[in-house]
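For reference, the structure is listed below as structure tokens.
Remember, predicted model here, so these are calculated numbers, not experimental data. Keep in mind that the numbers below use all heavy atoms, side chains included, and drop hydrogens, waters and symmetry copies.
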Amino acid sequence: MGGLTIFSLLFPARCTICDGVLPIGQEGICTRCRSGIQYLNGPLCYKCGKPIKEEEEYCYDCSRKSHWFKEAAALFPYAYIRPSLYRFKYNGRQEYGRFFANQMAMRLTDKVRRWKPQALVPVPMYHRKKRIRGYNQAEILARELSRIWNIPMLENLVVRVKNTRPMKETDGTERQNNLKKAFKLAKNDVKLNTIIIIDDIYTTGSTVDAIAKVCREGGISTIYVLSVSIGHGF
């Protein structure tokens with residue numbers, strides 16, 4: 001017990017949202033952040049789940065292009081959760097995956113039950129990039145969701161065979177060209193009808209579309225997308 005207390009004093013848990021120090025024994029987020037947490041609310045795009053105006057049905061992106069996935073949903077506006085996702089993705093805060101998964105389960109379980117997925121598929125990282133970072137944040141998130149929902153996670157169903165430029169460095173046609181032939185199915189005899197692709201951020205959908213395309217071509221008929229956050233797109 002004393003050792004645990006000393007460890008907790010030296011390395012205190014921090015709030016997932018604001019990064020402030022939490023009281024010993026507390027996990028997740030601080031009281032202040034919990035009372036002001038900002039989920040996606042209001043009218044959302046019927047296809048990707050982005051916030052839209054009251055009179056609209058689809059966001060700017062989805063009204064101008066088709067997607068390979070059937071429907072997508074997210075939990076937080078990207079602008080609100082961006083610092084937290086940065087720490088999750090680049091600063092080794094792998095423990096954030098449990099908080100995000102618990103929040104997604106709390107808000108999105110009914111939708112997932114309607115979707116009836118057979119597997120969760122995290123967006124894969126290029127093998128060298130994963131080796132350098134040490135982990136794939138989408139995989140951590142999918143593993144936690146798999147535990148909560150009792151849905152298998154298939155982290156090796158899709159592999160990334162091309163080391164693409166970061167999506168934040170590209171836009172429009174550049175994104176699509178950047179992702180051409182970036183993914184492939186690891187095996188040809190896929191016996192799945194419905195899957196959910198799991199990622200931390202959805203912006204324009206280019207990455208999940210590229211994955212959904214190879215899955216559809218491989219015989220998976222229905223593909224959904226879940227992400228922690230969603231951006232504005234174009």
Side-chain angles (χ1 to χ4, degrees), residues 39-53 56-78 100-101 103-124 138-139 141-142 145-146 148-160 167 175-176 179-234:
Y39 299 109
L40 283 167
N41 284 309
L44 303 174
C45 175
Y46 288 174
K47 189 71 175 180
C48 76
K50 279 194 188 84
I52 54 175
K53 296 178 181 178
E56 296 175 332
E57 293 184 348
Y58 297 96
C59 69
Y60 182 90
D61 292 333
C62 294
S63 65
R64 286 160 176 75
K65 67 179 180 182
S66 59
H67 292 289
W68 288 87
F69 59 84
K70 185 173 182 179
E71 186 182 346
L75 186 64
F76 298 115
Y78 176 60
F100 289 139
Q103 289 288 303
M104 292 173 78
M106 184 176 70
R107 302 278 295 186
L108 300 171
T109 290
D110 288 345
K111 184 181 290 288
V112 170
R113 283 176 179 161
R114 291 196 299 270
W115 288 351
K116 298 179 180 178
Q118 295 166 287
L120 306 179
V121 178
V123 170
E139 192 175 311
L141 182 62
L145 290 170
S146 173
I148 295 170
W149 286 328
N150 196 29
I151 301 170
M153 177 187 75
L154 302 181
E155 69 269 32
N156 296 316
L157 179 68
V158 179
V159 294
R160 196 168 200 141
M167 289 296 100
R175 288 184 181 226
Q176 296 175 4
L179 290 163
K180 281 183 179 178
K181 298 182 179 179
F183 303 98
K184 73 172 185 178
L185 285 178
K187 53 183 180 179
N188 297 322
D189 58 338
V190 178
K191 295 179 175 62
L192 294 168
N193 295 317
T194 305
I195 64 169
I196 300 178
I197 298 171
I198 304 294
D199 204 3
D200 55 336
I201 303 167
Y202 180 109
T203 307
T204 64
S206 297
T207 299
V208 291
D209 261 329
I211 296 170
K213 183 176 186 291
V214 299
C215 289
R216 290 277 298 275
E217 291 172 345
I220 302 173
S221 59
T222 308
I223 298 155
Y224 297 98
V225 178
L226 284 181
S227 59
V228 175
S229 68
I230 196 162
H232 290 296
F234 295 122

Which value, rounded to the nearest 0.5 Å, describes the distance between [X] atom [atom1] and [Y] atom [atom2]?
X	Y	atom1	atom2	answer
Glu217	Trp68	CD	CH2	5.5 Å
Ile198	Ser146	CD1	OG	9.5 Å
Ile201	Ser227	CD1	OG	8.5 Å
Tyr78	Ser229	OH	OG	7.0 Å
Ile195	Arg216	CD1	CZ	10.5 Å
Ile52	Leu44	CD1	CG	7.0 Å

Side-chain donor-acceptor distances from residues 148-155 under 3.5 Å, at least two apart:
{"residue": "Trp149", "atom": "NE1", "partner": "Thr109", "partner atom": "OG1", "Å": "2.9"}

What heavy-atom pair brings [X] and [Y] nearest, and what distance separates the two atoms?
X	Y	result
Thr204	Tyr202	O-OH, 3.6 Å
Leu75	Gln103	CD2-CB, 3.4 Å
Thr203	Asp61	O-OD2, 3.9 Å
Leu141	Ala101	CD1-N, 3.8 Å
Cys215	Leu185	SG-CD2, 4.1 Å

Quick one: are [X] and [Y] in side-chain contact, heavy atoms under 4.5 Å?
X	Y	answer
His67	Cys62	yes
Cys48	Cys59	yes
Arg160	Val123	yes

Show the atom names and distances, to 0.1 Å, of all donor-acceptor pairs under 3.5 Å that link a side chain in residues 113-122 to residues at least two apart or in another chain.
{"residue": "Trp115", "atom": "NE1", "partner": "Glu71", "partner atom": "OE1", "Å": "3.4"}
{"residue": "Gln118", "atom": "OE1", "partner": "Asn193", "partner atom": "N", "Å": "2.5"}
{"residue": "Gln118", "atom": "OE1", "partner": "Thr194", "partner atom": "N", "Å": "2.9"}

Problem set entry | Name of the residue among Ile223, Leu157, Thr222 meeting side chain to side chain contact (heavy atoms under 4.5 Å, CB included) with Leu192 |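 Going through Ile223, Leu157, Thr222 one by one, the side chain to side chain contact (heavy atoms under 4.5 Å, CB included) with Leu192 is satisfied by Leu157 alone.
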For this session: Determine whether the aromatic ring centres of Tyr224 and Phe69 lie less than 6.0 Å apart.
Result: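 Tyr224 vs Phe69: aromatic centres not under 6.0 Å.
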Problem set entry | Pairs satisfying salt bridge (Lys or Arg N to Asp or Glu O under 4.0 Å), at least one member in residues 196-210, at least two apart | Lys89-Asp200
For this session: Walk me through it: do Leu145 and Phe100 pass the test side chain to side chain contact (heavy atoms under 4.5 Å, CB included)?
Result: CA-CA 9 Å; Leu145 290 170; Phe100 289 139; over 6 Å; no
